[in-house]
Amino acid sequence: MPATQRAVVRLLADGGLHSGEALAAALGVSRAAVWKAVQRAAAGLGIEVEAVRGQGYRLARPLVLLDTDAIAASLDAEARRRIAAIEVLDDIDSTNSHLLRAAANGAASGLVCLAERQRAGRGRLGRPWVSPYGGNLYLSMLWRYPLPPAALGGLSLAAGVAVARGLAAAGAEGVGLKWPNDLHWRRRKLGGLLIEVAGEVQGPSQVVVGVGVNLALTAGQGAGIDQPWVDLAEVLGVTTPPRNLVAARLVDALSAALVQFGCDGLGAFLDDWRALDAYRGEPAEIIDGDRRIGGVLAGIDAGGALLLDSAGGRRTFAAGEVSLRPLGAG
Ligand code: BTN
(Lines give C-alpha, C1' and ligand atoms only; values in the text may rest on other atoms or scores of the structure.)
Protein backbone atom coordinates (compact mmCIF):
# COMPACT_ATOMS: atom_id res chain seq x y z
CA MET A 1 0.00 0.00 0.00
CA PRO A 2 1.47 3.41 -0.94
CA ALA A 3 2.75 5.47 2.01
CA THR A 4 0.20 8.30 1.61
CA GLN A 5 -2.73 5.86 1.68
CA ARG A 6 -1.32 4.14 4.74
CA ALA A 7 -0.81 7.49 6.48
CA VAL A 8 -4.29 8.79 5.62
CA VAL A 9 -5.92 5.62 7.00
CA ARG A 10 -3.92 5.95 10.22
CA LEU A 11 -5.04 9.60 10.57
CA LEU A 12 -8.70 8.71 9.94
CA ALA A 13 -8.67 5.59 12.17
CA ASP A 14 -10.08 7.45 15.22
CA GLY A 15 -13.42 7.82 13.43
CA GLY A 16 -13.38 11.64 13.87
CA LEU A 17 -14.00 14.18 11.14
CA HIS A 18 -10.77 15.38 9.52
CA SER A 19 -10.72 18.31 7.09
CA GLY A 20 -8.98 17.89 3.76
CA GLU A 21 -6.85 20.87 4.72
CA ALA A 22 -5.69 19.34 8.01
CA LEU A 23 -4.97 16.00 6.36
CA ALA A 24 -3.03 17.72 3.57
CA ALA A 25 -0.97 19.63 6.13
CA ALA A 26 -0.29 16.53 8.23
CA LEU A 27 0.77 14.51 5.20
CA GLY A 28 2.63 17.29 3.40
CA VAL A 29 0.65 16.78 0.17
CA SER A 30 -2.04 18.74 -1.73
CA ARG A 31 -5.77 18.46 -0.93
CA ALA A 32 -6.25 16.79 -4.31
CA ALA A 33 -3.68 14.17 -3.34
CA VAL A 34 -5.53 13.63 -0.05
CA TRP A 35 -8.79 13.10 -1.95
CA LYS A 36 -7.10 10.62 -4.27
CA ALA A 37 -5.47 8.72 -1.38
CA VAL A 38 -8.79 8.54 0.50
CA GLN A 39 -10.61 7.19 -2.57
CA ARG A 40 -7.90 4.65 -3.33
CA ALA A 41 -7.54 3.48 0.26
CA ALA A 42 -11.32 3.08 0.56
CA ALA A 43 -11.60 1.12 -2.67
CA GLY A 44 -8.43 -0.90 -2.17
CA LEU A 45 -8.95 -1.80 1.49
CA GLY A 46 -12.72 -2.17 1.45
CA ILE A 47 -13.24 0.40 4.22
CA GLU A 48 -16.10 2.87 4.17
CA VAL A 49 -15.08 6.55 4.19
CA GLU A 50 -17.73 9.27 4.39
CA ALA A 51 -17.00 12.58 2.69
CA VAL A 52 -18.89 15.31 4.57
CA ARG A 53 -19.43 18.26 2.24
CA GLY A 54 -17.31 21.25 3.16
CA GLN A 55 -16.04 19.55 6.35
CA GLY A 56 -13.82 16.63 5.45
CA TYR A 57 -13.63 12.88 5.77
CA ARG A 58 -14.34 10.29 8.43
CA LEU A 59 -14.49 6.51 8.63
CA ALA A 60 -17.95 4.96 8.90
CA ARG A 61 -16.51 2.75 11.69
CA PRO A 62 -13.42 3.68 13.70
CA LEU A 63 -10.48 1.28 13.49
CA VAL A 64 -8.15 0.12 16.25
CA LEU A 65 -5.01 -0.39 14.20
CA LEU A 66 -2.34 -2.85 15.22
CA ASP A 67 0.70 -1.40 16.92
CA THR A 68 3.90 -3.33 17.69
CA ASP A 69 4.72 -1.20 20.76
CA ALA A 70 1.20 -1.49 22.20
CA ILE A 71 1.28 -5.29 21.80
CA ALA A 72 4.78 -5.57 23.27
CA ALA A 73 3.81 -3.35 26.22
CA SER A 74 0.81 -5.60 27.03
CA LEU A 75 2.76 -8.89 26.97
CA ASP A 76 3.43 -10.67 30.23
CA ALA A 77 7.07 -10.61 31.32
CA GLU A 78 7.73 -14.24 30.39
CA ALA A 79 6.25 -13.89 26.91
CA ARG A 80 8.47 -10.85 26.36
CA ARG A 81 11.47 -13.07 27.07
CA ARG A 82 10.23 -15.89 24.84
CA ILE A 83 9.44 -13.75 21.79
CA ALA A 84 12.16 -12.75 19.32
CA ALA A 85 10.29 -9.85 17.65
CA ILE A 86 6.81 -8.70 16.67
CA GLU A 87 6.31 -7.55 13.13
CA VAL A 88 3.10 -5.73 12.09
CA LEU A 89 2.38 -5.51 8.36
CA ASP A 90 -0.34 -3.53 6.61
CA ASP A 91 -0.78 -5.93 3.78
CA ILE A 92 0.58 -9.39 2.97
CA ASP A 93 -0.47 -12.48 1.04
CA SER A 94 -0.59 -14.59 4.21
CA THR A 95 1.19 -14.17 7.54
CA ASN A 96 1.88 -17.94 7.52
CA SER A 97 3.45 -17.75 4.04
CA HIS A 98 5.47 -14.73 5.17
CA LEU A 99 6.91 -16.59 8.18
CA LEU A 100 7.57 -19.75 6.15
CA ARG A 101 9.66 -17.59 3.81
CA ALA A 102 11.36 -15.91 6.77
CA ALA A 103 12.09 -19.33 8.32
CA ALA A 104 13.72 -20.49 5.11
CA ASN A 105 15.92 -17.39 5.32
CA GLY A 106 17.02 -18.22 8.87
CA ALA A 107 14.58 -16.14 10.96
CA ALA A 108 14.79 -16.71 14.71
CA SER A 109 12.43 -18.91 16.72
CA GLY A 110 9.82 -16.74 18.43
CA LEU A 111 9.21 -14.35 15.53
CA VAL A 112 5.60 -13.12 15.50
CA CYS A 113 3.89 -11.55 12.52
CA LEU A 114 0.50 -9.82 12.36
CA ALA A 115 -1.16 -8.15 9.40
CA GLU A 116 -4.00 -5.69 8.97
CA ARG A 117 -5.17 -7.74 6.03
CA GLN A 118 -4.21 -10.77 3.99
CA ARG A 119 -4.63 -10.91 0.23
CA ALA A 120 -4.44 -14.70 0.16
CA GLY A 121 -5.26 -15.82 3.71
CA ARG A 122 -5.24 -19.60 3.95
CA GLY A 123 -7.40 -21.93 6.02
CA ARG A 124 -7.14 -25.67 6.68
CA LEU A 125 -7.50 -28.16 3.85
CA GLY A 126 -6.69 -25.56 1.19
CA ARG A 127 -9.64 -23.30 1.97
CA PRO A 128 -9.34 -19.51 1.76
CA TRP A 129 -9.51 -17.45 5.00
CA VAL A 130 -11.57 -14.25 4.75
CA SER A 131 -9.10 -11.51 5.76
CA PRO A 132 -10.46 -7.96 5.32
CA TYR A 133 -8.51 -4.89 6.47
CA GLY A 134 -8.38 -3.59 10.01
CA GLY A 135 -11.06 -5.64 11.73
CA ASN A 136 -9.74 -9.07 12.69
CA LEU A 137 -6.56 -10.73 13.90
CA TYR A 138 -4.27 -12.61 11.54
CA LEU A 139 -1.31 -13.73 13.63
CA SER A 140 1.48 -16.21 12.95
CA MET A 141 4.31 -17.39 15.19
CA LEU A 142 7.48 -19.18 14.11
CA TRP A 143 8.92 -21.77 16.48
CA ARG A 144 11.96 -24.02 16.06
CA TYR A 145 12.26 -27.45 17.70
CA PRO A 146 15.15 -29.92 17.78
CA LEU A 147 12.47 -32.61 17.27
CA PRO A 148 11.65 -34.30 13.95
CA PRO A 149 8.51 -32.99 12.19
CA ALA A 150 6.74 -36.32 12.89
CA ALA A 151 6.92 -35.55 16.63
CA LEU A 152 4.89 -32.37 16.19
CA GLY A 153 1.57 -33.97 15.21
CA GLY A 154 -0.18 -33.13 18.48
CA LEU A 155 0.91 -29.51 18.33
CA SER A 156 -2.17 -28.53 16.38
CA LEU A 157 -4.42 -29.49 19.31
CA ALA A 158 -2.11 -27.93 21.90
CA ALA A 159 -2.10 -24.66 19.95
CA GLY A 160 -5.92 -24.68 19.84
CA VAL A 161 -5.99 -24.99 23.65
CA ALA A 162 -3.52 -22.11 23.87
CA VAL A 163 -5.64 -19.81 21.72
CA ALA A 164 -8.78 -20.66 23.74
CA ARG A 165 -6.79 -19.80 26.90
CA GLY A 166 -5.62 -16.53 25.34
CA LEU A 167 -9.17 -15.55 24.37
CA ALA A 168 -10.39 -16.39 27.88
CA ALA A 169 -7.63 -14.17 29.29
CA ALA A 170 -8.94 -11.39 27.02
CA GLY A 171 -12.38 -11.78 28.60
CA ALA A 172 -14.10 -14.09 26.10
CA GLU A 173 -16.22 -16.59 28.03
CA GLY A 174 -17.65 -19.79 26.60
CA VAL A 175 -15.18 -20.32 23.74
CA GLY A 176 -14.80 -24.03 22.93
CA LEU A 177 -12.95 -26.19 20.44
CA LYS A 178 -14.17 -28.15 17.46
CA TRP A 179 -11.66 -30.83 16.52
CA PRO A 180 -8.91 -30.41 15.65
CA ASN A 181 -8.58 -26.73 16.53
CA ASP A 182 -11.46 -24.53 15.39
CA LEU A 183 -12.58 -21.98 17.96
CA HIS A 184 -16.34 -21.99 18.38
CA TRP A 185 -18.78 -19.94 20.43
CA ARG A 186 -22.39 -21.02 20.68
CA ARG A 187 -21.98 -23.30 17.68
CA ARG A 188 -20.51 -20.59 15.45
CA LYS A 189 -16.94 -20.27 14.27
CA LEU A 190 -14.91 -17.54 15.96
CA GLY A 191 -11.50 -18.51 14.64
CA GLY A 192 -9.18 -21.22 13.46
CA LEU A 193 -5.56 -22.32 13.27
CA LEU A 194 -3.34 -23.38 10.42
CA ILE A 195 -0.18 -25.19 11.52
CA GLU A 196 2.58 -25.68 8.96
CA VAL A 197 5.59 -27.81 9.81
CA ALA A 198 8.82 -28.27 7.87
CA GLY A 199 12.22 -29.69 8.67
CA GLU A 200 14.66 -32.58 8.40
CA VAL A 201 13.33 -36.13 8.87
CA GLN A 202 15.46 -36.56 12.03
CA GLY A 203 14.96 -32.94 13.11
CA PRO A 204 15.36 -30.06 13.65
CA SER A 205 12.03 -28.71 12.52
CA GLN A 206 10.30 -25.38 12.31
CA VAL A 207 6.62 -24.77 12.74
CA VAL A 208 4.50 -21.79 11.80
CA VAL A 209 1.35 -21.53 13.90
CA GLY A 210 -1.20 -19.29 12.17
CA VAL A 211 -4.20 -17.98 14.08
CA GLY A 212 -7.19 -16.20 12.56
CA VAL A 213 -9.79 -14.71 14.92
CA ASN A 214 -12.84 -12.75 13.79
CA LEU A 215 -12.85 -9.56 15.85
CA ALA A 216 -15.32 -7.26 14.14
CA LEU A 217 -16.70 -8.39 10.80
CA THR A 218 -19.50 -6.65 8.92
CA ALA A 219 -22.25 -8.83 7.45
CA GLY A 220 -20.87 -8.04 3.99
CA GLN A 221 -17.35 -9.12 4.93
CA GLY A 222 -18.65 -12.30 6.53
CA ALA A 223 -20.76 -13.21 3.51
CA GLY A 224 -17.83 -15.13 2.05
CA ILE A 225 -17.55 -17.48 5.06
CA ASP A 226 -19.02 -20.90 4.29
CA GLN A 227 -20.39 -21.66 7.77
CA PRO A 228 -22.10 -19.87 10.67
CA TRP A 229 -19.62 -17.39 12.19
CA VAL A 230 -19.34 -15.02 15.10
CA ASP A 231 -16.91 -12.24 15.98
CA LEU A 232 -15.25 -11.30 19.26
CA ALA A 233 -17.21 -8.03 19.33
CA GLU A 234 -20.38 -10.09 19.82
CA VAL A 235 -18.75 -12.46 22.32
CA LEU A 236 -17.44 -9.55 24.44
CA GLY A 237 -20.53 -7.38 23.87
CA VAL A 238 -18.49 -4.40 22.61
CA THR A 239 -18.38 -2.49 19.31
CA THR A 240 -14.61 -2.47 18.88
CA PRO A 241 -12.57 -5.16 20.66
CA PRO A 242 -9.16 -4.04 21.96
CA ARG A 243 -7.15 -5.63 19.16
CA ASN A 244 -3.67 -5.02 20.51
CA LEU A 245 -4.60 -6.40 23.92
CA VAL A 246 -6.23 -9.49 22.41
CA ALA A 247 -3.12 -9.98 20.24
CA ALA A 248 -0.91 -9.77 23.34
CA ARG A 249 -3.01 -12.35 25.24
CA LEU A 250 -2.73 -14.70 22.24
CA VAL A 251 1.05 -14.24 22.08
CA ASP A 252 1.31 -14.86 25.85
CA ALA A 253 -0.69 -18.08 25.68
CA LEU A 254 0.68 -19.40 22.41
CA SER A 255 4.34 -18.84 23.24
CA ALA A 256 3.87 -20.50 26.66
CA ALA A 257 2.18 -23.49 25.02
CA LEU A 258 4.88 -23.85 22.36
CA VAL A 259 7.54 -24.02 25.08
CA GLN A 260 5.49 -26.49 27.16
CA PHE A 261 4.79 -28.66 24.13
CA GLY A 262 8.54 -28.94 23.50
CA CYS A 263 9.06 -30.24 27.07
CA ASP A 264 5.93 -32.29 27.79
CA GLY A 265 4.22 -32.96 24.44
CA LEU A 266 0.47 -33.16 23.86
CA GLY A 267 -0.11 -35.04 27.14
CA ALA A 268 0.09 -31.76 29.05
CA PHE A 269 -2.86 -30.37 27.05
CA LEU A 270 -5.23 -33.33 26.82
CA ASP A 271 -7.32 -32.55 29.92
CA ASP A 272 -7.82 -28.96 28.83
CA TRP A 273 -8.63 -29.97 25.25
CA ARG A 274 -11.29 -32.38 26.54
CA ALA A 275 -12.73 -29.72 28.85
CA LEU A 276 -13.00 -27.34 25.87
CA ASP A 277 -14.50 -29.97 23.51
CA ALA A 278 -17.67 -28.25 22.28
CA TYR A 279 -19.28 -31.18 20.47
CA ARG A 280 -18.51 -34.39 22.41
CA GLY A 281 -21.49 -36.75 22.51
CA GLU A 282 -23.14 -35.12 19.50
CA PRO A 283 -23.98 -36.71 16.16
CA ALA A 284 -21.59 -35.66 13.40
CA GLU A 285 -20.24 -36.69 10.06
CA ILE A 286 -16.63 -36.94 9.02
CA ILE A 287 -15.92 -35.74 5.52
CA ASP A 288 -13.08 -37.68 3.90
CA GLY A 289 -12.90 -36.60 0.26
CA ASP A 290 -16.13 -37.88 -1.26
CA ARG A 291 -16.94 -40.14 1.69
CA ARG A 292 -19.21 -39.23 4.60
CA ILE A 293 -18.94 -41.27 7.80
CA GLY A 294 -21.68 -40.71 10.35
CA GLY A 295 -21.55 -41.39 14.08
CA VAL A 296 -21.40 -39.86 17.53
CA LEU A 297 -18.36 -37.84 18.63
CA ALA A 298 -16.45 -39.54 21.45
CA GLY A 299 -13.63 -37.08 22.11
CA ILE A 300 -9.94 -37.61 21.29
CA ASP A 301 -7.33 -40.28 22.01
CA ALA A 302 -3.95 -39.69 23.66
CA GLY A 303 -2.41 -38.80 20.28
CA GLY A 304 -5.09 -36.18 19.53
CA ALA A 305 -6.92 -38.27 16.92
CA LEU A 306 -10.70 -37.89 16.75
CA LEU A 307 -12.87 -40.75 18.04
CA LEU A 308 -16.19 -41.43 16.35
CA ASP A 309 -18.64 -44.11 17.43
CA SER A 310 -20.13 -45.25 14.14
CA ALA A 311 -22.42 -48.16 13.22
CA GLY A 312 -19.35 -50.30 12.54
CA GLY A 313 -17.76 -49.52 15.92
CA ARG A 314 -15.31 -46.88 17.19
CA ARG A 315 -13.22 -45.24 14.50
CA THR A 316 -10.18 -42.98 14.75
CA PHE A 317 -9.31 -40.08 12.45
CA ALA A 318 -6.07 -38.14 12.27
CA ALA A 319 -6.16 -34.34 11.85
CA GLY A 320 -5.06 -33.01 8.51
CA GLU A 321 -6.94 -35.66 6.57
CA VAL A 322 -10.60 -35.07 7.23
CA SER A 323 -13.06 -32.42 8.31
CA LEU A 324 -15.84 -32.69 10.84
CA ARG A 325 -19.41 -31.46 10.60
CA PRO A 326 -21.54 -31.51 13.75
CA LEU A 327 -25.13 -32.48 12.95
CA GLY A 328 -26.74 -31.59 16.31
CA ALA A 329 -29.51 -28.99 16.54
CA GLY A 330 -28.31 -25.40 16.83
C1 BTN B 1 -9.00 -22.65 9.50
O2 BTN B 1 -9.85 -22.62 10.41
O3 BTN B 1 -9.25 -23.15 8.39
C4 BTN B 1 -7.65 -22.07 9.79
C5 BTN B 1 -7.58 -20.59 9.55
C6 BTN B 1 -6.23 -19.99 9.82
C7 BTN B 1 -6.15 -18.54 9.40
C8 BTN B 1 -4.88 -17.88 9.85
S9 BTN B 1 -4.92 -16.13 9.66
C10 BTN B 1 -3.21 -16.04 10.02
C11 BTN B 1 -2.55 -17.21 9.30
N12 BTN B 1 -2.24 -16.87 7.93
C13 BTN B 1 -2.95 -17.59 7.07
O14 BTN B 1 -2.88 -17.49 5.83
N15 BTN B 1 -3.73 -18.45 7.72
C16 BTN B 1 -3.60 -18.33 9.15
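Read the numbers this way: they start at 1 and go in the same order the structure lists the ligands and their atoms. Any value given below was found using the heavy atoms of this structure, including those in side chains, with hydrogens, waters and symmetry copies removed.
- The shortest contact between atom 10 (C) of ligand 1 and any protein heavy atom is with Thr95 OG1, 3.2 Å.
- Atom OG in Ser323 sits 9.0 Å away from atom CH2 in Trp179 (nearest 0.5 Å).
- Taking a 4.0 Å cut-off on heavy atoms, Gln118 registers as neighbouring ligand 1.
- The distance from ligand 1 to the heavy atoms of Gly212 drops below 4.0 Å at these ligand atoms: 7 (C), 8 (C), 9 (S).
- Shortest contact from atom 3 (O) of ligand 1 to any protein heavy atom: Arg124 N, 2.6 Å.
- The pair Arg243-Glu116 counts as a salt bridge, with a side-chain nitrogen and a carboxylate oxygen less than 4.0 angstrom apart.
- Every atom of ligand 1 with a heavy atom of Leu139 under 4.0 Å away is listed here by number and element: 10 (C).
- Here the protein heavy atom with the shortest distance to atom 2 (O) of ligand 1 is Lys189 NZ, 2.6 Å.
- For atom 4 (C) of ligand 1, the nearest protein heavy atom (residue, atom name, distance) is Leu193 O, 3.4 Å.
- Under the 4.0 Å criterion applied to side-chain N and carboxylate O atoms, Arg10 and Asp67 are not assigned as salt-bridge partners.
- Among the atoms of Trp129, none of the N or O lies under 3.5 angstrom from an N or O of ligand 1.
- Against a heavy-atom cut-off of under 4.0 Å, Gly121 is close to the following atoms of ligand 1: 14 (O).
- The distance criterion of under 3.5 Å between nitrogen or oxygen atoms is not met by Tyr138 with respect to ligand 1.
- Salt-bridge formation is not detected for the pair Arg186/Glu234: no Lys NZ or Arg NE/NH1/NH2 atom is positioned less than 4.0 Å from an Asp or Glu carboxylate oxygen.
- Counting non-hydrogen atoms of other residues, nucleotides and ligands closer than 6.0 Å to CZ of Arg40 gives a total of 12 or fewer.
- Considering only heavy atoms from C-beta on, Ile286 stays 4.5 Å or farther from Arg292 through its side chain.
- Counting heavy atoms under 4.0 Å from ligand 1, residue Leu125 does not touch it at all.
- A tilted orientation is assigned to the rings of Phe261 and Phe269, their planes being inclined by 30° to 60°.
- Of the protein's non-hydrogen atoms, Arg122 O, 3.8 Å is the one closest to atom 16 (C) of ligand 1.
- Taking 4.0 Å as the cut-off between side-chain N and carboxylate O, Arg117 and Asp90 do not count as a salt-bridged pair.
- At a heavy-atom distance under 4.0 Å, only side-chain atoms of Ser140, from C-beta outward, approach ligand 1.
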